[in-house]
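For reference, the structure is listed below as structure tokens.
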Number of protein chains: 2
Amino acid sequence: MHCQHRHTHERQELAALTSRLRREDRKITGPRAAILEILRHHPHPLTNKEIFSELPEGECDLATIYRAMQMLEKLGMVQRFDFGDGAARFELVGEGNNGHHHHLICTRCASVVEVQKCFPEEVEREIAKTNGFTGVTHRLEFFGICPDCQK
Amino acid sequence: MHCQHRHTHERQELAALTSRLRREDRKITGPRAAILEILRHHPHPLTNKEIFSELPEGECDLATIYRAMQMLEKLGMVQRFDFGDGAARFELVGEGNNGHHHHLICTRCASVVEVQKCFPEEVEREIAKTNGFTGVTHRLEFFGICPDCQK
DNA sequence: CGCCTTATTGCAAAAGGTTTGCAATAAGAA
DNA sequence: TTCTTATTGCAAACCTTTTGCAATAAGGCG
């Protein structure tokens, strides 16, 4: 059930996030709340450094962000992405969602579009079976030149 | 000892590689020949450090390998892969081949199987078109537990 | 064959991104 | 409020990769 105004909606989401932490016996600290706030307001995967620079001056140490993201990833609250530029990126994952999806990234300006298409399940199953692997997933990202950069 | 047939075959391949370098006005140096030898004998993507440790003691500096791989990649003689563990991997590419393919990697023991299946072209084209991107490619790797590690 | 030019190398330092040890701090429980 | 213990900040360490620079050696030319 969604509420009418945006503010309330956001509040609920943060509450949902913190309660999820509490459920896992994690403390709700200033830095963690601030990080979750940033993530909630950003629809795209963010690097730790990007999160850091969004944070108010001195709000939290970079190392703390690294530790927080590791924990959030372990709890499944955040999904890690790798755009191949050497920096991990993270996106908040809704509860009961595994966060699996892909992106289309501009190789000129680094803009990012979310992609809903996925690798065909039956082909993946076939690959797993052929090679005797179990628990097979994949990492998939698309790269190209965005409309703006074509001009 | 290897049979003569195979030996000849290997020699030819190395000659093909060096002639390709020569064609591009690159010098055939000791380190480069040694690196190509290593790559030729390894069917799987290797990290620079792995190449380095395959090399006879003092044969070549790590920095030289990094520079060589950059050059070989630019010439299209080598294909870069990213298994998400923070180290780039490289595989030799046959001439007239773009080297595009994927892998299935065991998350326990890191063993690697080459995968010939690829993301469906028409879906990729659709993704490109929908978002107005041009020159779209993808990076795709599969992860799971290999037969040995299931035991 | 030996010289010359210039690409290439080795070495050491630097540049990212990420992790970690440790003492100080602060959340949450009692 | 006090107590316990997870969490933080800070600085140092780690890893992969890049880079500056002087020394070296490939390949072209005479």
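Just so it is clear: chains get the letters A, B, ... in the order the sequence lines come, proteins before strands, and each one is counted from 1.
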Tell me whether [X] contacts the main-chain N or O of [Y] through its side chain, where contact means a donor paired with an acceptor under 3.5 Å.
X	Y	result
A/Glu73	A/Phe90	no
B/Gln79	B/His100	no
B/Arg32	B/Lys27	yes
A/Gln150	B/Gly132	yes

Going from [atom1] on [X] to [atom2] on [Y], what distance comes out if it is rounded to the nearest 0.5 angstrom?
X	Y	atom1	atom2	answer
A/Arg80	A/Glu91	CZ	CD	13.5 Å
A/Glu24	A/Leu75	CD	CG	4.5 Å
A/Ile28	A/Arg22	CD1	CZ	4.5 Å
A/Ile51	A/Leu55	CD1	CG	8.5 Å
A/Leu39	A/Glu54	CG	CD	10.0 Å

Problem set entry | Step-by-step ring pair (Phe, Tyr, Trp, His ring centres under 6.0 Å) determination, B/Phe142 to A/Phe133 | CA-CA 10 Å; B/Phe142 299 89; A/Phe133 274 57; over 10 Å; no
Problem set entry | Value in whole Å for how far the P atom of D/dT16 lies from CZ of B/Arg80 |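 It works out to 14 Å between those atoms.
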Exercise. Tell me: CG of A/Asp25 to P of D/dT5, nearest whole Å?
Worked result: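 Rounded to the whole Å, the gap is 14 Å.
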Exercise. After noting the C-alpha distance and the side-chain angles of A/Phe81 and A/His101, does the key distance pass the ring pair (Phe, Tyr, Trp, His ring centres under 6.0 Å) rule?
Worked result: CA-CA 9 Å; A/Phe81 292 99; A/His101 65 276; 5.0 Å; yes
Using a heavy-atom distance cut-off of less than 4.0 Å, which residues of [range] contact DNA chain D?
range	value
residues 102-111 of chain B	none
residues 45-63 of chain B	B/Lys49, B/Ala63
residues 64-75 of chain B	B/Tyr66, B/Arg67, B/Gln70

For this session: Indicate for each nucleotide in nucleotides 24-30 of chain C, in 5' to 3' sequence, whether protein heavy atoms under 4.0 Å reach the base (B), only the sugar-phosphate (S), or nothing (-).
Result: ---BS--
For this session: Over all heavy atoms of both residues, which pair between B/His138 and A/Leu140 is shortest? Give the atoms and the distance, please.
Result: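 For B/His138 versus A/Leu140, the nearest heavy atoms are CB-CD1, 3.9 Å.
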For this session: Measure across B/Phe52 and B/Cys60 and return the closest heavy-atom pair with its distance rounded to 0.1 Å.
Result: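 That closest heavy-atom pairing would be CE1-O, 3.1 Å.
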For this session: State, to the nearest 10°, the angle formed by the axis through the first five base pairs of the helix from C/dC1-D/dG30 to C/dA30-D/dT1 and the axis through its last five.
Result: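 So the angle between the two local helix axes works out to 30°.
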Exercise. Is A/Arg40 salt-bridged to A/Glu37, cutoff N-O under 4.0 Å?
Worked result: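 Looking at A/Glu37 together with A/Arg40, the answer is yes, because their closest N to O distance falls below 4.0 Å.
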Exercise. Do any side-chain nitrogens or oxygens of B/Arg32 fall under 4.0 Å of OP1 or OP2 in C/dA7?
Worked result: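 Checking B/Arg32 against C/dA7: no side-chain N or O falls below 4.0 Å of OP1 or OP2.
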For this session: List in chain and number order the residues that pass side chain to side chain donor-acceptor pair (under 3.5 Å) with A/Glu141, two or more places apart in sequence or in another chain; answer none if no residue qualifies.
Result: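 Result, side chain to side chain donor-acceptor pair (under 3.5 Å) vs A/Glu141: A/His103.
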